[in-house]
Every structure is written in C-alpha cells, then in structure tokens.
Undergrad: 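The structure follows.
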Amino acid sequence: MATDTTHPDAAAAPTRRGGRRWDWPVLAGCAIAGLSVGLASPPNTSQQAWGLCSAVGYAVAAILAACSVRRWGRLPAIISVVGAGLVPLIYLTVIDKEQMEVGVIQRGAALLLKSGTPYNADPHTVPQFNPYLPGMSLFGIPDALFGDNPLTSARLWSLLAFLAVVLWAVRVLTKDRGPAPLATPGGVTPSTGALWLIACPVLILPLTIGGVDPPVIGVIVLALAFLQRDRPGAAGLALGVASALKWTAWPAIPVALALLWVTKGKGAAARCAAGSVGLAALAALPAALIDSDAFLQNAILYPLGMGEANSSAQSPLLGHLIVLLLPEIGKTVTVALIGVSAVGVAVSLLVRPPRTVIAAADRLAIGLLLAIVLSPATRLGYAIYPVVLIFWPRFAAALSPVDTLPPIPRQTSDEPTVTGDGADAPGAGTDAADAGTEPKSGTSAEAAAQNG
C-alpha cells in the first residue's frame, strides 16, 4: 500500500509487504549492462569510460538496495546517478572527450550565427552532416559566442536543459495535489522518481557522453505532464519545442491531438496544434528557405541513410539488416516500411484514439519503436524514447491528482440528464462526475503504478 506521505520530499516508504522486489535486481542488471558496454566499446572512447565507471556505481547501488528495507529508495538512486553520471561526466570533461554529436551541434551553431542556417552547404564526411533540426543548434550558441571550454560545451547545456524540463514536469504534476497519499510503488516521492529516471542507462549514458536525445524526450515528458493536468496550449508549445530539436519528436504531435480531440474536444486539439505545429514550423522554415538543398541533404536524406555519406548510426536492427541483404533497394524498402508503419499508427489513432495520457504515451512508444527498428540508420541508444515513454507516465500518473482526461460530456437528447440518485438536472451528471474525479483518479493511479 502507498504510504500516507504529504510532503513531496519525504523518504520512500519502507517495505511493509511480501512479494518480489525489483530495485536491486534492476540495478544489478544495469551494472552488467554497463560492464558490457565498457568491455565492448573501442579503447579510449567515452562509451568505454562510461561503461566501466557505471558498472561500479550500479553495483554499489544494488548492494545498498539489497540491504535496505525500502523499495526504490533515494540512496541507491543517488549512488546510481553519481556513479553512472556525475563521476564519468567529470572524468570525460577533464580529459576533453565527448561524443561526436557535441561537435556537430557546436559547428551548427557557428554556421547559424554566420549564415542563418546550421547546415553545411556541401557536406561529404560524417562530421560535416548535421541531421538535427535548427533548434538543436541553440545548445551550441555558448560555444560559438565564448569559445571552447567546459562551461560552453553543448553537452553541458543539453544536460542542464534536460534536468530543467524534468523538474518542471514534476512541478506541473505535483502542483496543488493536496495531502492525498502517493499511489506510487512504496510511496516513492517525485524527486526520488526523477532520480530513478535519470539513473536509467539508456538515459544517463547519452547525458554523460553528450548525446542529443535526452533534451528531446525531456520536453516530451513535460508535454505529457501538461496533457495530464489539462493544459493543451502549454502541451502544444512543449511539443513545438521538442519538434524544433529533432524529427523524433514529431510523431508526438498527432498522438497528442488524437488524445485531446476525443477527450477535450476540437478547441483543445486546435490550441495544441497551433502551438506545436506553429512553433516547429517557425524553427525549421527559415533554414529550409535560406538553403533548401542543404536542409534536404542534412536534415532529411542523411538521417534516412540516403545521404552522400553513410550515417554512423548502424546498429544491427531490422532496417540495417535489410540494407545489408538488399544493397540495391534496401534503403527504399526500409523507408517504405517506415511509411507503412506510420500509416498503421495513424489509422489506429483514428479508429481507436487513446483516452488517457498513459495510453497516448504507449501509442507513441509503439510508433517510435517501429521507426527505430525499421530505420536503415539507427542505433540502440534510441531506445531512450520507448523506455521513458513506457515507464515514466505510469509513475507520473500516481503523482498527479488527475491521471486521465475525462471524455467530453455528450447530450444524446433534449431530455434532462438523470443521475444515479434520480435527480434531474442538465448538469447534474457532469457535476457528479466532477465531484468524484479525485477519488477515482487516486484509485486508478494506484492501479496504474502497481501494474506498471
């Protein structure tokens, strides 16, 4: 049962019931995964340094978790973040080693300030391509203005942006939630839950070495928080920001619109669409108009594996294997398969639209997972999207007093609505539903947390 915790920073509840606990086995698995990354990575790379360092951090955290009576406690989460994040980040910063994407963003920022577009007009080698949308170059602006040093690195600013939006999302979810007990597993608090999210290997690895996906998924998490708290305009703006960073955020827009259309009506969906599509277009159109060919080569063809140089993202997933087996038509086949899967997800949104934020996140995770598996240029690190989208919304549902968006009340006739107690009033049914929203929310949130 959830602990009756009214303070948002209270410690996690001690284990009061039997059953299998998953915190220390998960941490042990993370330690094995980190060690595998360290041993399998090429020597003297940021991935190798992270893998070996994180293996130690996760192992220590697993031991502490196994010895603790608390499930998913704060201390193992802190040790995981320090051991798999802070320590390797400091080490990699001292030896000046980072992922190639950091240099791509910083060069894009310099080009943006110089020519109005972050794209190289004549790219030939992998480092010369910039597969990201113009908004991503903002993380490189400090380096372009003040020179290359640890405080201006795009890695640092993307990490700070991720932390800021996740904290913002937690604040949105927990604001005005009242003294109701947390329905999270073991009464895990919002801050501790955020630490466990950050400690996830698919998230903390790119945060540490300079990957570009954490700020994108972080802003999507913020958008989901706004949706959960019935703020469609703010959700649209958040999705617009995410879509200005990378193409992987764009599928979130139709999913959010389908959710709002069926639960809140055309007006809410229109407000979300205006913010998301408008902001994303405002960020991308100038660069596309200034040099359309550079935009096509960098931001469209290269991510699809159809550029002059082959993308460095080549994990042995289905799309990449199809290209290897069918070198002449493989890329065309994979793009066609991605199109078919996109149509399938779109049809599912029309036929059976999601009615809760969790269902919407699941639908988005499925769509992105299909795109990741089928893309000719992909990497296992893109698993950050489905992993976060599957697990975080279930935890978030237990933080917020509203875990679903109630459907639009629909009057089927001119007759007054008859409530369960026989009272006849045009708004009686709606009022009764509203009066019972909070208890129902807590119950379903607890069930979602236990099932998830």
Side-chain angles (χ1 to χ4, degrees), residues 22-68 72-105 126-127 148-151 153-160 162-163 166 194-215 217-218 312-317 378-388 391:
W22 291 99
D23 50 355
W24 71 263
V26 167
L27 288 169
C30 291
I32 295 173
L35 182 62
S36 300
V37 170
L39 296 177
S41 299
N44 301 319
T45 60
S46 55
Q47 289 87 347
Q48 182 193 52
W50 176 86
L52 298 178
C53 189
S54 67
V56 177
Y58 285 131
V60 173
I63 294 172
L64 290 175
C67 296
S68 174
W72 303 105
R74 184 187 297 270
L75 183 57
I78 293 175
I79 296 299
S80 299
V81 171
V82 171
L86 184 59
V87 172
L89 175 63
I90 293 174
Y91 171 72
L92 292 173
T93 301
V94 170
I95 66 173
D96 194 23
K97 193 172 289 293
E98 58 201 10
Q99 197 157 311
M100 181 180 63
E101 284 86 338
V102 175
V104 171
I105 294 173
V126 170
D148 185 17
N149 66 74
L151 296 180
S153 171
R155 170 171 55 186
L156 173 64
W157 288 97
S158 63
L159 185 153
L160 293 176
F162 169 79
L163 295 178
V166 168
L195 286 171
W196 281 107
L197 171 69
I198 296 169
C200 181
V202 297
L203 184 52
I204 204 167
L205 169 58
L207 278 174
T208 303
I209 66 178
V212 300
D213 296 295
I217 190 61
S312 59
Q314 295 183 359
S315 293
L317 299 178
T378 188
R379 54 168 54 103
L380 293 174
Y382 294 157
I384 183 176
Y385 293 98
V387 168
V388 173
F391 289 101

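Computed over heavy atoms, backbone and side chain alike; hydrogens, waters and symmetry mates excluded.
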Undergrad: In Å and rounded to the nearest 0.5 Å, what is the OH to CD1 distance from Y382 to I217?
TA: 14.0 Å
Undergrad: Quick check: closest heavy atoms across A154 and I105, and the distance to 0.1 Å?
TA: CB-CG2, 4.0 Å
Undergrad: Let me confirm one number: the CG-CG distance from L156 to L89, rounded to the nearest 0.5 Å.
TA: 8.0 Å
Undergrad: So which atom in P127 and which in V104 form the shortest heavy-atom distance, rounded to 0.1 Å?
TA: O-CG2, 3.9 Å
Undergrad: Would you check, one step at a time, whether the test side-chain contact (heavy atoms from CB on, under 4.5 Å) holds for C200 with V387?
TA: CA-CA 9 Å; C200 181; V387 168; 4.0 Å; yes
Undergrad: Return the CG to CG distance between L207 and D213, rounded to the nearest 0.5 Å.
TA: 10.0 Å
Undergrad: What is the distance from atom CD1 of I204 to atom CZ of F162, rounded to the nearest 0.5 Å?
TA: 9.5 Å
Undergrad: Which atoms form the tightest heavy-atom contact between C53 and P88, and what is the distance?
TA: SG-CD, 3.6 Å
Undergrad: With a 4.5 Å limit on heavy-atom distance, are the side chains of P214 and I384 in contact?
TA: yes
Undergrad: Side chains of I198 and L163, heavy atoms from C-beta outward: is any pair under 4.5 Å?
TA: yes
Undergrad: Do you know the tightest heavy-atom contact between A199 and A77?
TA: CB-O, 4.5 Å
Undergrad: Looking at residues at least two apart in the chain, or sitting in another chain, which of them share a side chain to side chain contact (heavy atoms under 4.5 Å, CB included) with P150?
TA: T93
Undergrad: By side chain to side chain contact (heavy atoms under 4.5 Å, CB included), which residues pair with L205, not counting sequence neighbours?
TA: W50, I209
Undergrad: Show the nearest heavy-atom pair for residues V37 and Q47, with the distance to one decimal.
TA: CG1-O, 3.7 Å
Undergrad: Distance from S54 atom OG to L35 atom CG, nearest 0.5 Å?
TA: 8.5 Å
Undergrad: Taking atom CH2 as the centre, does W157 end up with more than 12 heavy-atom neighbours from other residues, nucleotides or ligands that are less than 6.0 angstrom away?
TA: no
Undergrad: Which pairs pass salt bridge (charged side-chain N to carboxylate O under 4.0 Å, His left out) with one or both residues in residues 23-45, sequence neighbours excluded?
TA: R21-D23
Undergrad: First locate atom OG1 of T208, then atom CD of E98, and finally report the distance between them rounded to the nearest 0.5 Å.
TA: 13.0 Å
Undergrad: Is there a side-chain contact between C67 and W24 in this structure, where contact means two heavy atoms from C-beta onward sitting under 4.5 Å apart?
TA: no
Undergrad: Mind running side-chain contact (heavy atoms from CB on, under 4.5 Å) on V87 and V82 for me, showing each step along the way?
TA: CA-CA 6 Å; V87 172; V82 171; 4.0 Å; yes
Undergrad: What are the two closest non-hydrogen atoms of A49 and L92, and how far apart are they?
TA: CB-CD2, 3.8 Å
Undergrad: Side-chain contact test, heavy atoms from C-beta onward, threshold under 4.5 Å: evaluate it for L195 versus W72 and give yes or no.
TA: no
